2 protein chains.
Amino acid sequence: MCNCHKVHHFRHLKEGCPGFRMEKFVQPCILLLLYERPAHGYELMERLQRCGFSGNVDPGVVYRNLRKMEEEGWVKSEWESSESGPARRRYIITPEGEDAIHGFAVHVRYQMERLKGFLDKYEKIFGNGEGNSN
Amino acid sequence: MCNCHKVHHFRHLKEGCPGFRMEKFVQPCILLLLYERPAHGYELMERLQRCGFSGNVDPGVVYRNLRKMEEEGWVKSEWESSESGPARRRYIITPEGEDAIHGFAVHVRYQMERLKGFLDKYEKIFGNGEGNSN
DNA sequence: TCCTCTATATGTTGTATGCATATAGCTGTT
DNA sequence: AACAGCTATATGCATACAACATATAGAGGA
């Protein structure tokens, strides 16, 4: 059982093991997915879900971040009239977006170090989850 | 050199390698520090700095989070009239705060997995930093 | 016709960060 | 005694983002 449900003091954010937000982390993920292959927003939502974004991926977050990244010049989009279903916006990554991925990767690595620093200290004090069983 | 400085597309957040925020992560860190030993806010700022929080730790963030955690019941505080310097608020962690640490640890571990998922994919595509040397 | 699925977009709200600033007591210096 | 500097806590403001709800619209099937 997820430990966080023992701690019922989290009020805001009803779901998804709160306390930490999805945050700006969608952007590097989307960029990496687009680097793998171009896609439209709806497809990205599905792929994000399989990509560690637990539960529901909010459409608003995805589309707004795509827009923002297009403003940044990290992605480009063009309307694609599909033969089945409504028209959709096909996004591709730009060279600048590729640069951004590398920049993000550095930060992600840095963030991981911080989290690791916390967990190391935590496990040093409380042990490796033994005192944690339910 | 930090790769992020090559990427000059970050507009918001002038400093500290932006794109990721310090976020709610201060709370688990503070709780763990208080578990080690009780402290007042000013001391926590210094210890946080040594604890992975690069650069400047904002007093506002620390004091506000201490207040919030006191509302949650995770910490308690009492005024302490020191013989040298102004009075200060001494914080101690409560049993509920200790519970919260365990809850946070689960989330931190979960977050780390997400970041690791990104980095694994990233390194699988771009290699282990070779294509990254300045 | 109506419903559902695909697909994109926007409005609102709550909350957090980052920065600046206010306040105040104590200490050492000139 | 006045002043600057350090310790210590607190608050106001602008910005930004997540989360949620909702709007729009085309296509296909019952």
Side-chain angles (χ1 to χ4, degrees), chain A residues 10-30 39-49 53-72 75 77-91 111, chain B residues 10-30 39-49 53-72 75 77-91 107 111 114:
Chain A
F10 302 100
R11 306 145 310 171
H12 12 279
L13 309 168
K14 357 190 137 151
E15 210 246 333
C17 275
F20 288 92
R21 310 262 208 86
M22 190 153 83
E23 205 194 340
K24 205 90 166 169
F25 187 53
V26 252
Q27 291 195 2
C29 286
I30 288 175
H40 52 277
Y42 201 79
E43 185 196 334
L44 286 170
M45 283 172 57
E46 291 171 350
R47 288 167 69 196
L48 279 169
Q49 223 154 3
F53 280 89
S54 67
N56 47 343
V57 177
D58 185 60
V61 170
V62 172
Y63 288 112
R64 250 190 284 258
N65 273 291
L66 282 169
R67 284 295 186 87
K68 267 176 213 157
M69 290 196 291
E70 191 161 24
E71 282 176 42
E72 302 283 349
V75 299
S77 72
E78 47 191 18
W79 280 103
E80 189 189 49
S81 56
S82 64
E83 54 296 322
S84 73
R88 52 203 191 180
R89 208 182 258 277
R90 180 184 174 80
Y91 283 90
Q111 287 296 317
Chain B
F10 302 100
R11 310 146 309 174
H12 13 277
L13 309 169
K14 358 190 136 149
E15 209 246 332
C17 276
F20 289 92
R21 312 261 209 86
M22 189 151 85
E23 204 195 342
K24 205 88 166 170
F25 187 53
V26 252
Q27 290 194 3
C29 286
I30 288 174
H40 53 276
Y42 202 78
E43 185 197 335
L44 286 170
M45 284 173 55
E46 290 171 351
R47 287 167 70 195
L48 279 169
Q49 224 154 3
F53 282 88
S54 66
N56 47 341
V57 178
D58 185 61
V61 170
V62 173
Y63 288 111
R64 251 191 288 255
N65 273 291
L66 282 169
R67 283 295 186 89
K68 268 176 214 159
M69 291 196 291
E70 191 161 26
E71 281 176 44
E72 302 283 349
V75 299
S77 72
E78 46 189 19
W79 280 103
E80 190 189 49
S81 55
S82 64
E83 54 296 321
S84 74
R88 54 204 190 178
R89 209 182 257 277
R90 180 184 174 80
Y91 283 91
H107 297 311
Q111 287 295 319
R114 292 209 309 160

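Proteins get letters first, then strands, A, B, ... in listed order; numbering begins at 1 in each. These numbers were taken from a predicted model, which means no experiment stands behind them.
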If you round to the nearest 0.5 Å, how far is CG of B/D58 from CG of B/N65? 10.0 Å

Find which nucleotide of DNA chain D each of A/P86 and B/G60 is nearest to by heavy atoms, and output the residue with the more 5' nucleotide. B/G60

Residue pair B/P59/B/K68 against DNA chain C: nearer the 5' end by closest nucleotide is B/K68

Can you measure B/N65 atom CG to D/dT11 atom P for me and round it to whole angstrom units? 14 Å

Rounded to the nearest Å, what distance is computed from the CZ atom of residue A/R89 to the P atom of nucleotide D/dT24? 19 Å

Whole-Å distance, B/M45 CE to D/dT9 P, equals 10 Å

Kindly point out which of C/dG18, D/dA8, D/dC17 is positioned nearest to the side chain of B/Y63? D/dA8

Round to the nearest Å and state the distance from B/H40 atom NE2 to D/dC6 atom P. 16 Å

Who passes side-chain hydrogen bond (donor to acceptor under 3.5 Å, both in side chains) against B/E70, sequence neighbours left out? B/S77

B/R90 CZ to B/R88 CZ distance, which is reported to the nearest 0.5 Å: 8.5 Å

side-chain contact (heavy atoms from CB on, under 4.5 Å) test vs B/R89 passes for just one of B/W79, B/Y63, B/Y42, namely B/W79

Could you state the CZ-C1' distance from A/R90 to C/dT8, rounded to the nearest angstrom? 17 Å

Are any of B/R67's side-chain N or O atoms less than 4.0 Å away from OP1 or OP2 of D/dA10? yes

Picking from D/dA19, C/dA24, D/dA10, the nucleotide nearest the side-chain atoms of A/V61 would be D/dA19

In this structure, CZ of B/R67 is separated from OH of B/Y91 (nearest 0.5 Å) by 5.5 Å

Hey, is the side chain of B/R88 pairing donor to acceptor with the base of C/dG25 inside 3.5 Å? no

Value in whole Å for how far the P atom of D/dT7 lies from CD of B/Q49: 12 Å

Output the rounded distance in Å from OH (B/Y42) to P (C/dT23). 19 Å

How long is the straight-line distance from NE2 of A/H40 back to CE of A/M45, given to the nearest 0.5 Å? 10.5 Å

Working to the nearest 0.5 angstrom, can you tell me the gap between B/R64 CZ and B/K68 NZ? 7.0 Å

Bend across the helix from C/dT1-D/dA30 to C/dT30-D/dA1, to 10°, with axes taken over 5 pairs at each end? 20°

Using whole Å, what does the distance between atom C1' of nucleotide D/dT9 and atom CD of B/E80 come to? 14 Å

Under 4.0 Å, heavy atoms only, any strand: does B/R64 hit a base, just the sugar-phosphate, or nothing? base

